[in-house]
Amino acid sequence: MADRKPDTPRKPAPDPGPAPGPGPEVDTGAETDADARPGPDPLTVPSMSAGPDFVLRPWEMSDLPLVREAAQDPYIPLITTIPPRYSDQAAEAFVRRQWDRAATGAGYPFAIVRSRDRRPVGAIGLWLRDLPEGRASIGYWMVPYGRGQGVTRAALRTVTGWALRDLGVPRLQLFIEPWNTASARIAVDVGYRHEGLLRGWQQVGDERRDMAVYGLLNSDGPVDGRAVAED
């Protein structure tokens with residue numbers, strides 16, 4: 001039996017004072033257990049267009065095939081709570097965790113879905129655990145079937161613009177392994193700036209890994225041709 005999805009909308013307020021060669025389209029800021037820290041109020045995950053061919057929507061139990069494909073990827077289970085060994089029970093628990101993240105106010109988890117056949121190809125999340133300090137993070141991953149089509153870029157641009165304009169988040173940040181040139185290129189294309197290297201920042205598998213940090217402020221330039229901060 002599926003858990004009930006959250007149904008109380010809330011917008012977070014700004015601070016008052018998610019290898020050589022192209023690499024996978026994965027940002028190591030993707031959801032982890034730390035993102036499940038409860039926030040103040042439940043959130044409603046909206047559905048949004050990410051360009052003409054893809055939509056972002058809340059997770060559904062029909063997304064288990066996406067979890068299966070992600071579990072077979074050598075990298076995604078290392079940096080997310082995707083089960084490294086697939087079972088229907090583990091996949092259902094993963095989906096329920098996404099609902100719980102919204103229900104506890106921890107963030108907005110989206111499935112990335114192709115419009116023409118409703119096939120899910122990846123995930124992106126806006127995580128709010130640091131919102132009291134005026135910042136939030138975005139993480140994303142894409143299964144091989146969805147890579148190389150500009151889907152990740154469109155999803156990141158959509159969530160970034162929504163977080164800055166509609167939600168008023170003062171600062172967004174991404175954490176990407178230095179070797180992951182494909183993910184870094186996507187971040188820069190959307191408008192994020194490379195700000196430095198955090199040594200031993202995150203546990204990935206059995207080791208601590210360095211992470212490059214990319215940031216974007218609400219006061220920076222336009223995202224997708226529109227001002228991010230509007231009076």
Side-chain angles (χ1 to χ4, degrees), residues 1-12 18 24-48 50 54-114 117-131 136-146 151-152 155-156 158-159 162-163 167 175 202-205:
M1 181 174 73
D3 295 346
R4 184 176 63 86
K5 296 183 183 179
D7 55 8
T8 304
R10 183 183 76 91
K11 290 185 179 180
E25 294 178 3
V26 177
D27 166 23
T28 49
E31 55 86 23
T32 63
D33 285 332
D35 296 308
R37 295 173 185 170
D41 295 305
L43 307 171
T44 294
V45 180
S47 294
M48 298 186 289
F54 293 88
V55 297
L56 311 179
R57 59 152 173 78
W59 280 83
E60 302 173 354
M61 279 301 172
S62 62
D63 295 327
L64 297 192
L66 174 62
V67 180
R68 180 190 295 273
E69 190 169 359
Q72 296 170 351
D73 188 271
Y75 189 59
I76 293 174
L78 297 179
I79 59 163
T80 72
T81 60
I82 285 285
R85 295 182 179 178
Y86 180 86
S87 70
D88 287 346
Q89 182 178 11
E92 289 170 5
F94 173 84
V95 173
R96 290 192 178 96
R97 280 197 297 275
Q98 310 318 303
W99 297 348
D100 288 344
R101 283 174 164 83
T104 60
Y108 293 93
F110 297 93
I112 306 171
V113 180
R114 192 167 60 185
D117 58 4
R118 300 182 181 178
R119 177 171 180 173
V121 297
I124 189 167
L126 173 66
W127 309 120
L128 307 178
R129 67 177 180 269
D130 292 328
L131 191 60
S137 61
I138 295 179
Y140 47 83
W141 52 263
M142 188 73 54
V143 295
Y145 179 82
V151 183
T152 309
L156 179 60
T158 298
V159 173
W162 175 68
L167 304 184
F175 301 96
Q202 185 170 330
Q203 188 77 20
V204 178

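Rounding to the nearest 0.5 angstrom, the gap separating the CG atom in L128 from the OG atom in S137 is 8.0 Å. A distance of 10.5 Å separates CE of M61 from CG of D88, quoted to the nearest 0.5 Å. A distance of 14.0 Å separates OH in Y108 from CG in L56, rounded to the nearest 0.5 Å. We find the CG-CD distance between L64 and Q89 to be 12.0 Å, quoted to the nearest 0.5 Å. Note that the CD atom of Q98 and the OG1 atom of T81 stand 5.5 Å from one another [nearest 0.5 Å]. Interatomic distance, CZ of R114 versus OH of Y145, reported as 3.0 Å (0.5 Å rounding).
With hydrogens and angles disregarded, no donor-acceptor distance shorter than 3.5 Å links the side chain of R57 to the backbone of V113.
Side-chain atoms of W99 and V45, non-hydrogen and from C-beta on, never get closer than 4.5 Å to each other. Considering only heavy atoms from C-beta on, P46 comes within 4.5 Å of F110 through its side chain.
Across all non-hydrogen atoms, the minimal contact from A155 to I112 is CB-CD1, 3.8 Å. What you find for F94 and P83 is that their closest heavy atoms are CB-CD, 4.4 Å. Closest approach of G107 and P109 over heavy atoms only: O-CD, 3.4 Å. Considering every non-hydrogen atom in both A111 and D63, the closest pair reads CB-OD2, 4.0 Å. P77 and A71 make their closest contact through CG-O, 3.8 Å (heavy atoms, listed as atom of the first residue, atom of the second, distance). Of all the heavy atoms in L66 and V121, the pair that sits closest is CD1-C, 3.7 Å.
By the side chain to side chain contact (heavy atoms under 4.5 Å, CB included) test, A70 is found to be paired with I76, I82, W141, V143, residues two or more places apart in sequence or in another chain being considered. Residues that satisfy the salt bridge (charged side-chain N to carboxylate O under 4.0 Å, His left out) test with R119, not counting sequence neighbours, are E69.
A donor-acceptor pair shorter than 3.5 Å can be found between the side chains of E60 and S62.
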Report task. May I have the step-by-step check of side-chain contact (heavy atoms from CB on, under 4.5 Å) for F54 and T158, ending in yes or no? Result -> CA-CA 11 Å; F54 293 88; T158 298; over 6 Å; no
Report task. Starting from the C-alpha separation in whole Å, work towards a yes-or-no answer on side-chain contact (heavy atoms from CB on, under 4.5 Å) for W59 and V67. Result -> CA-CA 11 Å; W59 280 83; V67 180; 4.0 Å; yes
